[in-house]
Amino acid sequence: MFRWMSRSKNGSANGLHVESDYLIDLRNIEKAYETEAGPFLALQGIDLQVKPGEFVAVVGKSGSGKSTLINMITGIDRPTEGEVIVRNTPIHTLSEGNMAVWRGKNMGIVFQFFQLLPTLTVVENIMLPMDFCNMYTPGERYDRAIELLQMVEMEEQAHKLPSAVSGGQQQRAAIARALANDPPIIVADEPTGNLDSYTADNVFAMFEKLVYEEDKTILMVTHDTDLANRVGRKLTISDGEILTDEQLREAQPA
Amino acid sequence: MKFKPRWIKVLRDLMFNKSRTALVVISIAVGVTAIGMVMGAQSVINEDLPRDFFAINPASAIVFTLTTFDDDAVQAIRDLPEVEEAQGRRTIVVPFRTPNGNWRNMQLYALPDFEDIRINQLKPQEGAWPPEEGEILIERSAFVPNLGFDGIDIGDSVTIKAPNGKEKTLRIVGTAHDLNQFPPQLAQSAFGYISFDTLDLLAEPREFNQLEFIVAENKLDEDHVKVVSDLVQDELEARGVSVVFVLAFPPGEPPFQSFIAGISTLLVVMGFLSLGLSGFLIINTLAAILTQQVRQIGIMKAVGGRTHQLVWMYFGMVVVFGLLAVIIAIPLGALGAGGLAGILGFFFNFDVRGFAINPQVVVVQVLISLLVPLLAAIYPIIRGTRTTVREAISDHSMGKGQFGTRPIDLFIVGLRRVIPGIKRPEQISLRNTFRRKGRLILTLMTLSLASVIFISILSIRASLQQTLDEALGYFDFDVQIRFSRPYRAERLTREGLGFDEVSEAEVWGFGGGRRVRPDGSESDNIIIQAPPADSVMIEPVMLEGRWIEPNDTNAIVINNDVLRNEDDLTVGSRVTLSINGRDSDWVVVGIARSSFPQPAIYTNAEYFSRATNLVGRGQAVLLKTTPETDLSQFSSIIETHYRDRGFRVEETQTVDQARSILTLFFNIPILFMLAMAVVLGIVGGLGLMGTMSINVIERLREIGVMRAIGASNWSVLWIVLLEGMVIGFLSWLIGGVVALPLSRVLTEQAGQLLLQSSPSYIFSVPGTIGWLVIVILLAVVASFLPARSASKVTVREVLSYE
Ligand SMILES: Nc1ncnc2c1ncn2[C@@H]1O[C@H](COP(=O)(O)OP(=O)(O)OP(=O)(O)O)[C@@H](O)[C@H]1O
Ligand SMILES: [Mg+2]
């Protein structure tokens with residue numbers, strides 16, 4: 001029912017290529033932060049493989065390292081040790097600039113707060129990633145943005161500034177923006193964290209639709225145990241380690 | 001065409017933050033306007049003044065004579081192969097009665113034929129031309145109320161006192177423009193033009209006492225003009241004409257060209273300084289904008305924006321700032337240039353015509369309003385856009401204005417113990433001041449620079465005034481009357497002492513001579529003053545050697561301006577002077593400090609009168625008056641008295657007059673510099689305003705917290721205002737410390753430029769204190785808006801912020 005205009009090319013932007021059987025392949029990740037009390041290990045020896053079409057929830061106590069882990073996958077942060085291979089690209093080796101390009105095309109990111117640029121309308125916010133990554137022709141971008149907004153049921157708000165729409169609506173717009181360049185992977189850090197349970201449910205439904213109807217692969221950090229139990233796979237993090245890795249449902253075949 | 005979203009963001013950011021945009025735009029516009037104004041004025045001056053000047057067919061030199069000469073003499077000069085054209089005039093100084101009954105002096109020029117003025121042409125302005133018998137034309141810029149023509153119109157009559165003492169009434173039939181004259185506004189004296197028939201009416205002979213000529217070849221060669229001047233002078237002297245001096249002008253240059261050029265150089269320097277300050281403002285504001293946008297930068301990067309794309313976005317924003325600024329700055333600069341040129345035209349009596357927006361100036365303005373902001377933006381933009389996504393979205397490592405880590409912070413905290421009674425809000429202000437150190441430094445640089453310049457300019461002014469007072473101080477007389485020929489000294493003093501107001505009178509010899517150098521060449525004419533050796537009217541400041549003593553014979557004292565061209569002279573040098581065409585030998589016994597920037601030789605009156613065959617006679621009388629005398633009134637009374645007794649008065653001057661003329665002369669550049677200092681002050685104030693509003697925006701959260709715990713409107717307002725004042729005070733302090741040595745250097749430069757000599761130096765303490773008051777006021781004004789918006793912050797707003 002959605003007419004995706006073009007699938008993004010394989011993401012190995014600069015010829016770097018590492019064979020992996022997985023879409024996301026974290027090998028023996030360690031992350032140390034320098035603190036005044038000496039190095040602090042936020043992640044220790046993480047191995048994680050994700051196949052296409054999986055819907056993964058990451059749960060754990062505050063400070064357990066969820067965001068740190070997620071940031072490894074998006075390339076927002078780099079591991080101190082280990083390898084991060086996403087779509088056969090060792091992203092931990094990319095330069096900051098190449099990383100931005102790669103991320104723009106391969107990964108949609110949804111944060112908890114402060115998602116949209118305050119001086120752009122909702123639809124302009126959604127066009128921004130296409131603009132930056134030079135995806136689609138300038139003429140196509142607007143139509144595509146409107147279609148994405150229709151998908152998240154936000155077309156009515158397309159021409160409003162972010163300050164004029166509700167938090168849940170902003171979050172849905174952010175999801176639409178994450179899809180702008182049609183990335184295969186969506187990563188969300190507490191996307192429902194500051195939404196009421198009804199709205200959170202709504203946003204979550206959106207994610208389910210993406211996984212089950214659009215073949216996206218999603219990693220989502222959440223504190224909401226109800227939601228966490230509705231996904232395909234639940235990772236529990238504690239003190240920088242994966243405590244449990246539960247398969248709740250079968251992944252959709254890619 | 002539709003804009004890409006990223007450019008829409010740039011434009012919206014500009015529109016949604018109107019006051020911030022306005023602040024940056026104004027900051028740039030101030031500097032660019034200053035440049036446009038100065039360059040525009042310069043181009044007007046460089047075109048209009050020379051054009052007007054060359055249109056009058058300017059003389060190469062003017063010979064002033066003591067005795068008169070006739071057409072034959074003029075023709076003889078004209079016939080010299082080295083001379084292209086020559087022409088005679090007669091000039092006399094006459095008093096005229098102003099509408100309020102006072103007498104003022106007017107320099108009268110009598111021309112033989114107004115339809116055939118060949119050199120230093122007079123241009124008709126309003127009214128009739130030429131003046132018939134009994135009629136007079138007045139120089140146009142002298143025909144103003146402040147020079148004695150209040151309420152007088154063309155067609156009215158003016159009463160003058162002829163050299164023979166008789167009052168005559170002349171009808172003012174029109175005005176004329178005499179660009180060759182010392183500008184009346186500067187001379188503070190009037191010029192009038194009459195025909196030779198009118199000269200008859202005044203019982204004056206139809207003869208000349210001034211000869212103007214133009215050399216035939218090498219018109220722009222100063223040395224050649226001098227050589228020809230000597231020939232002309234020799235020719236006149238051979239015909240029995242006594243030459244006082246020859247005035248040669250820098251060839252090919254309008255009068256005051258170098259003076260005006262000096263002013264405009266100063267202005268250009270000021271223009272660039274304000275541009276530099278604009279640069280600092282831009283750096284500051286952009287750094288703040290980027291700090292505020294850290295999260296947005298992070299989001300843009302997270303959705304695929306690359307650093308270089310963001311860099312271009314922000315540079316694009318800067319370009320828009322520059323374009324907006326130049327839109328304001330072009331018309332404002334042109335307007336200012338017109339005004340500036342107009343002021344100069346008024347003072348220097350030339351027409352500012354055909355003023356329009358100058359394309360060259362516009363090109364420069366556009367270039368600098370784009371380039372300067374872009375240059376200023378490089379650092380903040382590169383730094384701001386380097387933020388990584390992680391830095392932008394995490395609360396770790398934000399480092400927003402940390403306080404408490406540097407030694408200076410501990411010092412500030414420690415101040416609490418030193419300054420007793422300092423209260424909590426004041427402590428907060430002090431600490432806030434030092435939180436964003438980079439921003440503080442830039443703001444301080446801007447304001448301090450304004451301080452330095454302001455204090456320096458006032459010091460220059462005070463120093464020049466001081467120099468002038470010193471110079472005039474060693475003229476210990478009140479009125480000096482010079483005559484156009486020598487009279488018996490005893491008669492001159494007797495007439496003067498006949499007045500109760502006169503306590504002492506002295507007669508001085510007066511003349512001109514040229515030095516004959518060992519290689520046979522001759523110097524310019526140098527004024528010779530011959531006071532009695534025991535004169536009580538002069539207290540020279542000796543730089544070397546001694547002053548004239550009673551039994552001195554051929555001893556001379558030279559002033560330091562003589563040394564400018566005759567640098568081989570020292571105490572003990574033997575000098576040959578050519579006086580009235582006769583050579584005589586003299587010995588330098590001392591070097592005195594110049595009073596006016598003009599070479600002068602002093603010698604014993606007694607010996608001088610013998611050497612010039614004028615024993616017992618003198619050409620100037622100097623009078624000391626009793627303290628309660630009203631000098632301006634008395635000087636015209638006594639001048640009239642001498643005239644009535646048949647003395648031919650050439651010029652009467654009071655020391656006050658001399659002071660006010662000279663003061664006016666250097667007050668013009670000072671005025672311009674002060675105007676620029678005000679501009680710099682405004683730029684500095686804008687900078688402070690920017691800094692304060694950024695600080696307030698950045699601290700909204702903590703202001704909200706302060707409110708939540710009960711801070712009143714007033715205490716929030718006061719905390720911000722005080723922070724502004726602390727910055728103002730610091731800039732004053734820094735500015736003062738820098739100005740202390742710098743103003744000395746600048747004073748020296750200004751002295752060389754305006755007085756051609758080293759001035760005395762004083763540091764202007766009143767100026768420094770005055771600037772403190774100004775800068776604190778400025779700080780209050782600049783911080784007020786940000787402070788008020790801070791005091792309006794509600795707790796709720798802060799919580800919803802971001
Ligand atoms: N830049 C940093 N410097 C030092 N320590 C850090 C830094 N970033 C994170 N940490 C630490 O690493 C640990 C993991 O942080 P992380 O943000 O991943 O936790 P989290 O599981 O996402 O918690 P929350 O649920 O509160 O978001 C925490 O103890 C945190 O204090
Ligand atoms: Mg987290």
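Every chain is numbered from 1 and lettered A, B, ... according to where its sequence line falls, protein lines coming before strand lines. Here the structure is a predicted model, which is why all the values come from computation and not from measurement.
Around the CH2 atom of B/Trp312, the shell of radius 6.0 Å holds no more than 12 heavy atoms that belong to other residues, nucleotides or ligands. The environment of OH in A/Tyr33 is crowded: more than 12 heavy-atom neighbours from other residues, nucleotides or ligands sit within 6.0 Å. Heavy atoms from other residues, nucleotides or ligands lying under 6.0 Å from CG of A/Asp239 number 12 at most.
B/Asp13 CG to A/Leu120 CG: the interatomic distance, rounded to the nearest 0.5 Å, is 7.5 Å. In this structure, A/Asn134 CG and B/Arg306 CZ are separated by 8.0 Å, a value rounded to the nearest 0.5 Å. Taking CD from B/Gln309 and SG from A/Cys133, the interatomic distance works out to 7.0 Å, rounded to the nearest 0.5 Å. In this structure, the separation between CG on A/Leu161 and CZ on B/Phe16 is 4.5 Å, given to the nearest 0.5 Å.
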**Request:** With side-chain contact (heavy atoms from CB on, under 4.5 Å) as the test, would you mind laying out the steps for A/Phe132 and B/Leu310 before giving the verdict?
**Result:** CA-CA 9 Å; A/Phe132 277 133; B/Leu310 301 187; 3.8 Å; yes

**Request:** Determine, stepwise, if the pair A/Ile76 / B/Thr388 fulfils side-chain contact (heavy atoms from CB on, under 4.5 Å).
**Result:** CA-CA 8 Å; A/Ile76 284 175; B/Thr388 63; over 6 Å; no

**Item:** Pair A/Arg103-B/Val389, side-chain contact (heavy atoms from CB on, under 4.5 Å): steps then yes or no
**Value:** CA-CA 12 Å; A/Arg103 185 164 51 220; B/Val389 181; 3.6 Å; yes

**Request:** Check the pair A/Ile109, B/Val303 against side-chain contact (heavy atoms from CB on, under 4.5 Å), reporting the backbone distance first and the verdict last.
**Result:** CA-CA 7 Å; A/Ile109 305 178; B/Val303 302; over 6 Å; no

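Neither the backbone nor the side chain of A/Ser163 comes within contact range of chain B; no heavy atoms are under 4.5 Å apart. Neither the backbone nor the side chain of B/Met15 comes within contact range of chain A; no heavy atoms are under 4.5 Å apart. Within the 4.5 angstrom heavy-atom criterion, no atom of A/Tyr142 approaches chain B. Residue contact with chain A, scored on non-hydrogen atoms closer than 4.5 Å, is absent for B/Leu11.
Of the listed residues (B/Arg6, B/Lys4, B/Lys9, B/Arg12), just one forms a side chain to side chain contact (heavy atoms under 4.5 Å, CB included) with A/Glu124, and that residue is B/Arg12.
B/Trp7 has its side chain out of reach of A/Asp131: every pair of non-hydrogen atoms, C-beta onward, lies at least 4.5 Å apart.
Of the listed residues (A/Met127, A/Met107, A/Met130, A/Met99), the greatest number of heavy-atom pairs within a distance under 4.5 Å of chain B belongs to A/Met127.
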